[in-house]
Protein chains: 4
Amino acid sequence: MIIELDMQSELPIYTQLINQIIEGIASGKLLPGEALPSVRSMASDIGINLHTVNKAYNQLKQEDYIHVHRQKGVVVNPNGMPEVDEHFTARQLQQLRPVIAEAILRGMSQDELIDMVESIYKDIKA
Amino acid sequence: MIIELDMQSELPIYTQLINQIIEGIASGKLLPGEALPSVRSMASDIGINLHTVNKAYNQLKQEDYIHVHRQKGVVVNPNGMPEVDEHFTARQLQQLRPVIAEAILRGMSQDELIDMVESIYKDIKA
Amino acid sequence: MIIELDMQSELPIYTQLINQIIEGIASGKLLPGEALPSVRSMASDIGINLHTVNKAYNQLKQEDYIHVHRQKGVVVNPNGMPEVDEHFTARQLQQLRPVIAEAILRGMSQDELIDMVESIYKDIKA
Amino acid sequence: MIIELDMQSELPIYTQLINQIIEGIASGKLLPGEALPSVRSMASDIGINLHTVNKAYNQLKQEDYIHVHRQKGVVVNPNGMPEVDEHFTARQLQQLRPVIAEAILRGMSQDELIDMVESIYKDIKA
DNA sequence: GTGGTCTAGACCACT
DNA sequence: GTGGTCTAGACCACC
């Protein structure tokens with residue numbers, strides 16, 4: 001699992017880290033039950049502070065995507081991922097809406113937009 | 001054009017303002033050439049700081065969605081909206097990708113995701 | 001609102017802080033909509049680090065007990081408190097069970113235990 | 001006596017072990033004078049570290065719930081359990097208070113709370 | 001060696 | 001001035 005961070009990005013590092021791990025799980029590169037690097041090794045691997053890694057891990061734990069054992073370290077939730085729920089749908093809608101609005105504003109047709117979504121979907125899943 | 005802000009939201013107010021105006025244009029509620037309230041009146045209307053409105057307007061101007069004249073005030077770009085360009089596509093991809101990844105992780109099928117996008121698209125356009 | 005912390009306690013400081021604030025709300029000493037001290041002033045008031053206060057505030061925010069505005073500071077949730085839900089009941093059960101077990105082991109009768117609970121209940125509410 | 005540990009839990013394993021044994025005694029499944037598995041066999045039975053079992057036993061011994069003989073092994077205190085004392089009441093109060101406060105905050109009535117306590121009491125005793 | 005907690009000090013975004 | 005983020009370094013509990 002290779003993590004790529006953009007230190008110049010406006011996105012907080014811990015958010016980028018969360019996104020990368022989520023994508024890793026979504027794409028199947030990280031399997032349920034699989035171990036993730038310890039906060040310390042992950043931090044030194046990618047050259048950031050361990051607290052930043054910790055924050056990312058904690059947020060992922062909160063969503064029940066990973067489990068954090070005090071001693072054994074961190075693993076992808078072995079029982080698989082939580083389903084779509086109300087809370088998630090609301091968040092998703094809130095994130096999607098402005099992006100779609102701006103696409104419409106710039107004249108993208110519904111089909112073009114769907115093509116884009118499909119291509120990203122396939123790209124991640126592949 | 002009614003602006004609705006959620007002061008509880010973690011989204012910065014200026015971002016919410018930008019989103020609302022973009023959606024206004026996308027939905028046709030704001031037409032090219034149409035005037036927007038001045039920084040001052042917008043600020044007092046919705047009870048926020050001048051700087052906040054200013055920041056939103058400046059960002060919209062930078063994307064060429066609106067024109068700001070020192071005298072004539074603020075108007076939706078009368079020449080219509082800019083097309084989809086490389087810069088926009090890149091930004092869109094960066095925003096869409098994590099949302100789609102998380103949807104996959106939670107087991108949404110491509111069709112379910114597209115349904116969601118379609119329904120938002122139609123909701124804005126309507 | 002006076003906060004009392006025991007720096008010797010085995011309970012983490014941020015947990016004690018959370019408990020105190022919860023009790024403040026439960027007892028009516030803190031009312032919905034009422035402002036809490038900023039992380040910085042709270043931290044310096046009680047002589048701890050601002051990150052520790054931050055952690056407590058964030059956890060309270062997570063449970064929807066308080067709202068954190070980026071600029072305006074922190075307020076008790078003006079819409080009132082969330083109801084009892086499944087998640088809370090489970091947590092409560094998990095905390096209560098060992099305490100009650102040990103009470104039984106030491107020979108407390110059900111009535112004695114209930115008396116104790118009642119007296120604490122009244123003490124907080126008063 | 002079956003011990004069930006949740007390795008995912010944020011409760012330390014030794015604490016879970018203590019709780020289980022206390023509940024075993026409280027419920028009458030473990031009787032005064034009854035033998036408990038040796039540190040070694042307990043550890044290998046449930047697949048945890050020796051030190052962890054040791055720590056649990058030591059803490060139980062300190063509360064005078066069990067006796068640890070170098071040769072004869074570990075037994076539930078044959079003289080019966082210690083009564084409620086000041087130290088215990090103080091500890092109990094400290095644990096109960098935050099739970100009750102949060103229950104009040106979420107709008108539980110005193111009767112609802114007592115019902116919950118009663119049902120747990122009966123569940124353990126049964 | 002693992003994560004959890006706490007401190008300290010810095011810079012930034014937002015209003 | 002507010003919270004958000006990041007870094008750095010330390011000690012502790014657990015196993």
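Proteins get letters first, then strands, A, B, ... in listed order; numbering begins at 1 in each.
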So [Y] and [X], do their side chains get closer than 4.5 Å, heavy atoms only?
X: D/Leu60; Y: D/Ile22; answer: yes
X: B/Glu63; Y: B/Phe88; answer: no
X: D/Ile46; Y: D/Leu17; answer: yes

Could you tell me how far apart [X] ([atom1]) and [N] ([atom2]) are, to the nearest whole angstrom?
X: A/Ile18; N: F/dC6; atom1: CD1; atom2: C1'; value: 14 Å
X: C/Asp6; N: E/dC6; atom1: CG; atom2: P; value: 12 Å
X: D/Gln16; N: F/dC15; atom1: CD; atom2: P; value: 9 Å
X: D/Leu5; N: F/dC14; atom1: CG; atom2: P; value: 15 Å
X: A/Glu10; N: F/dT5; atom1: CD; atom2: P; value: 13 Å
X: A/Gln8; N: E/dC12; atom1: CD; atom2: C1'; value: 14 Å
X: B/Leu17; N: E/dC14; atom1: CG; atom2: C1'; value: 14 Å
X: C/Leu11; N: F/dA13; atom1: CG; atom2: P; value: 13 Å

Interface with DNA chain E, restricted to residues 36-56 of chain A and to heavy atoms under 4.0 Å: A/Ser38, A/Val39, A/Arg40, A/His51, A/Asn54
Contact residues, residues 73-82 of chain A to DNA chain E [heavy atom, < 4.0 Å]: A/Gly73, A/Val74
Any pair counted as salt bridge (Lys or Arg N to Asp or Glu O under 4.0 Å), so long as it reaches residues 14-40 of chain A, sequence neighbours left out: A/Glu23-B/Arg97
Parallel, tilted or perpendicular, as decided by the 30° and 60° cut-offs, for the rings of C/His69 and C/His67: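 Answer is tilted, since the angle falls between 30° and 60°.
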State, to 0.1 Å, how close [X] and [Y] come at their nearest heavy-atom pair, and which atoms those are.
X: D/Arg106; Y: C/Tyr65; answer: NE-OH, 2.9 Å
X: D/Gln92; Y: C/Ala103; answer: NE2-CB, 3.4 Å
X: C/Val75; Y: C/Ala35; answer: CG1-CA, 3.9 Å
X: C/Ala26; Y: D/Ala101; answer: CB-O, 3.3 Å
X: A/Met81; Y: B/Leu105; answer: CB-O, 3.2 Å

Report, one line per pair, each donor and acceptor closer than 3.5 Å where one atom sits in a side chain of residues 2-15 of chain C; sequence neighbours left out.
unit_1 : atom_1 : unit_2  : atom_2 : d
C/Asp6 : OD1    : C/Gln8  : N      : 2.8
C/Asp6 : OD1    : C/Ser9  : N      : 3.3
C/Ser9 : OG     : C/Leu11 : N      : 2.9

Bracket notation of DNA chain F in which parentheses pair within the strand, [ ] cross earlier pairs, and | pairs with another strand (Watson-Crick or G-U, under 3.5 Å): ||||||||||||||.
B/Tyr14 side chain near E/dT15 phosphate (N/O to OP1/OP2, under 4.0 Å): no
A/Tyr57 side chain near E/dG3 phosphate (N/O to OP1/OP2, under 4.0 Å):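 For E/dG3, OP1/OP2 do not have a side-chain N/O of A/Tyr57 under 4.0 Å.
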Nucleotide nearest C/Asn58 (side chain, heavy atoms from C-beta), chosen from F/dG4, F/dT5, E/dG4: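 Out of F/dG4, F/dT5, E/dG4, the nucleotide with an atom closest to C/Asn58's side chain is F/dG4.
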Nearest to side-chain heavy atoms of C/Ile13, which nucleotide of F/dG3, E/dT7, F/dT7: E/dT7
First encountered from the 5' end of DNA chain F, between C/Val68 and A/Met7: C/Val68
Pairs satisfying side chain to side chain donor-acceptor pair (under 3.5 Å), at least one member in residues 48-59 of chain D, at least two apart: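 Listed once each, the pairs are D/Asn54-D/Asn58.
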Whichever of B/Thr15 and A/Lys72 has its nearest DNA chain E nucleotide further upstream toward 5': A/Lys72
